[in-house]
Amino acid sequence: MNRHELSTEHADLRAAVEEFARSEIAPVIGEYYENNAFPYDIVAKMGRMGLFGLPFPEEHGGMGGDYFALCLALEELARVDSSVAITLEAGVSLGAMPLYRFGTEEQKKTYLPKLCAGEALGAFGLTEPGGGSDAGATRTTARLEDGEWVINGTKSFITNSGTDITALVTVTAVTGRREDGRPEISSILVPRGTPGFSVGQKYSKVGWNASDTNELVFEDCRVPEANLVGERGRGYAQFLRILDEGRIAIAALSVGLAQGCVDESVRYAEERHAFGSAIGTYQAIQFKIAEMEARAHTARLAYYDAASRMLAGEPFKKEAAIAKLVASNAAMDNARDATQVFGGYGFMNDYAVGRFYRDAKILEIGEGTSEVQKMLIARELGLPA
């Protein structure tokens with residue numbers, strides 16, 4: 001992949017998802033959003049398009065594409081709505097990817113085909129009530145007893161965890177102690193419906209209102225020892241790898257929101273008249289939209305670069321953190337400026353920029369806060385830890 005140009009295949013995919021988002025999502029998503037309803041029909045259509053299987057090989061039911069293809073799809077979806085985009089992002093990079101990267105052949109055979117088809121969703125159980133950015137401070141425990149893992153603990157803010165099509169959650173849990181006394185953290189797959197595994201009430205959120213987010217509770221939840229995902233004691237390291245990749249995906253989603261703000265502002269600036277002229281004729285509005293476009297363009301180049309390094313097998317941790325930091329800042333800044341361009345109408349939920357404004361802030365928090373990204377960048381530069 002050229003770091004600044006799309007291949008024919010990637011360009012065709014981008015165009016197809018753009019058309020889908022404009023024709024299938026844009027006309028209906030507002031109602032889902034205001035009703036805090038999960039858009040099952042849209043998700044099913046995305047599944048039939050193959051979007052959930054984009055980065056996975058055909059042998060597992062995927063489309064045989066790559067991670068950059070997923071990022072392009074996320075950008076185009078988020079230009080219209082972030083709830084739908086995060087459902088795809090979490091379903092692929094957080095739900096299915098841990099199984100693909102670290103799961104056994106039996107685990108892949110059992111779950112990946114339905115996850116790739118969008119017929120089922122997986123969730124990623126990392127964050128805990130007292131943890132936040134300190135993901136290493138895991139309190140959930142899992143002990144081996146008679147060939148089963150017995151899991152106890154609580155996970156917070158888990159996307160795709162309570163839908164009717166959620167099939168599993170992969171959770172991090174303390175499974176022992178290392179020789180240095182630090183906790184041994186492992187990853188364990190818990191299927192939906194397992195006794196002792198319950199889904200809490202949906203959160204009342206500021207944004208992403210058409211996506212699914214819940215607390216998860218494990219009370220003596222038992223699963224077979226074979227449900228270990230990857231190596232025992234490597235769960236935290238595995239999830240850090242997943243998060244590095246996921247930051248590129250969140251950057252792409254953020255660019256989509258930032259670009260959607262530009263799209264809406266350009267359209268509105270041509271239609272809205274004040275003092276006898278379209279507001280787009282006034283330099284103050286022109287300069288604001290020009291800055292918005294510059295932010296989106298710069299952030300796009302950042303995630304393109306990170307994705308290209310990842311696909312080339314090069315180190316990409318720093319570039320992923322930069323992309324996530326720059327793109328989430330661009331999304332937040334553009335959402336604020338787009339709301340200002342729309343004036344009073346920007347404060348109304350009838351307009352897409354109202355959703356964009358509500359959705360933007362979480363991008364500076366989820367999958368690593370902006371402060372965490374700065375820490376990662378500093379460490380990669382060799383600054384003292």
Side-chain angles (χ1 to χ4, degrees), residues 1-7 9-11 13-14 54-56 65-79 82 85-86 88-90 92-94 97-98 100-102 124 126 133 135-136 236-259 293-334 360 362-385:
M1 180 189 83
N2 183 293
R3 287 179 180 169
H4 305 294
E5 296 179 4
L6 299 184
S7 67
E9 292 80 7
H10 284 143
L13 170 68
R14 189 206 63 77
L54 279 173
F56 301 111
D66 55 30
Y67 206 84
F68 183 61
L70 170 66
C71 290
L72 290 174
L74 290 171
E75 179 182 345
E76 292 305 319
L77 291 173
R79 283 177 71 179
S82 291
I86 195 58
L88 176 64
E89 192 277 335
V92 175
S93 70
L94 301 181
M97 194 61 73
Y100 174 64
R101 295 280 186 219
F102 310 112
F124 175 97
L126 176 64
S133 295
Y236 187 52
Q238 291 169 187
F239 273 91
L240 289 179
R241 162 71 187 200
I242 293 299
L243 287 174
D244 283 340
E245 297 177 358
R247 285 175 183 131
I248 304 176
I250 291 295
L253 191 157
S254 300
V255 169
L257 189 152
Q259 192 65 58
E293 175 68 10
R295 292 186 197 115
H297 178 76
T298 302
R300 181 177 297 107
L301 294 180
Y303 97 71
Y304 275 28
D305 178 65
S308 68
R309 292 174 187 273
M310 173 187 160
L311 295 181
E314 302 172 5
F316 67 94
K317 181 185 289 287
K318 181 183 72 175
E319 288 74 18
I322 290 172
K324 204 272 186 182
L325 177 65
V326 170
S328 60
N329 286 345
M332 191 69 211
D333 289 343
N334 278 16
I362 187 60
L363 299 171
E364 296 182 318
I365 299 172
E367 294 202 36
T369 64
S370 294
E371 291 75 16
V372 166
Q373 306 316 310
K374 293 172 186 177
M375 288 169 51
L376 292 171
I377 295 165
R379 288 175 185 172
E380 290 297 304
L381 290 173
L383 294 171

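Between Ala299 and Ala330, the closest heavy-atom pair is CB-CB, 4.3 Å. Contact record, Cys71 with Ala252: O-CB, 3.4 Å, taken as the closest heavy-atom pair. The minimum heavy-atom distance linking Ile377 with Ala321 is given by the pair CG1-CB, 3.8 Å. Here the closest non-hydrogen pair linking Tyr67 and Leu311 is N-CD2, 4.1 Å. Taking each heavy atom of Leu54 and Ala69 in turn, the nearest pair found is CD1-O, 3.8 Å. Looking at every heavy atom in both residues, Val255 comes nearest to Ala327 through CG2-CB, 4.0 Å.
Proximity of a side-chain donor or acceptor of Ser308 to a complementary backbone N or O of Asp305 within less than 3.5 Å is detected. Although no hydrogens or angles enter the test, the distance criterion places no donor-acceptor pair under 3.5 Å between the side chain of Lys324 and the main chain of Ser370. Ser82 places no side-chain N or O within 3.5 Å of a backbone atom of Ala85 that could act as its donor or acceptor partner. For Lys318 (side chain) and Leu376 (main-chain N/O), no donor-acceptor pair under 3.5 Å exists by modelled atom type. Listed for the Gln373 side chain is a donor-acceptor partner under 3.5 Å among the backbone atoms of Gly368. With hydrogens and angles ignored, the 3.5 Å screen pairs no side-chain donor or acceptor of Thr298 with any backbone N or O of Arg295.
Partners of Asp66 by salt bridge (Lys or Arg N to Asp or Glu O under 4.0 Å), not counting sequence neighbours: none found. In terms of the side-chain contact (heavy atoms from CB on, under 4.5 Å) criterion, residue partners of Ala320 (sequence neighbours excluded) are, by chain and number, Arg247, Ile248, Phe316.
Contact check for Phe56 versus Met97: side-chain heavy atoms found under the 4.5 Å cut-off. Counting heavy atoms from C-beta on, the side chains of Leu253 and Leu88 never come closer than 4.5 Å. Tyr304 is listed as a side-chain neighbour of Leu72, based on a closest heavy-atom distance under 4.5 Å. Contact of the Glu367 side chain with the Glu89 side chain is registered, since non-hydrogen atoms from C-beta on lie closer than 4.5 Å. Glu364 has its side chain within reach of Asn329: a pair of non-hydrogen atoms, C-beta onward, lies under 4.5 Å apart. Side-chain contact between Leu13 and Leu6 is absent, with no heavy-atom pair separated by less than 4.5 Å.
Rounding to the nearest 0.5 Å gives a distance of 8.0 Å between CZ of Phe68 and OG of Ser7. Ile86 CD1 to Leu74 CG: the interatomic distance, rounded to the nearest 0.5 Å, is 8.0 Å. Rounding to the nearest 0.5 Å places CD1 of Ile250 at 9.0 Å from CD1 of Ile362. Atom CD in Gln259 sits 4.5 Å away from atom CZ in Arg300 (nearest 0.5 Å).
Using a cut-off of 4.0 Å between Lys/Arg side-chain N and Asp/Glu carboxylate O, Arg309 and Glu314 are scored as salt-bridged. Using a 4.0 Å cut-off between charged nitrogen and carboxylate oxygen, Glu75 and Arg14 do not count as a salt-bridge pair. Salt bridge present: Arg241 and Glu245 bring a charged side-chain N and a carboxylate O closer than 4.0 Å. A salt bridge links Glu76 with Arg79; the closest basic N to acidic carboxylate O contact falls under 4.0 Å.
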For this session: Evaluate the criterion side-chain contact (heavy atoms from CB on, under 4.5 Å) for residue pair Leu257 and Leu363; output intermediate values, then yes/no.
Result: CA-CA 10 Å; Leu257 189 152; Leu363 299 171; 4.1 Å; yes
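With hydrogens and angles left out, the side-chain atoms of Tyr303 and Glu319 include no donor and acceptor closer than 3.5 Å.
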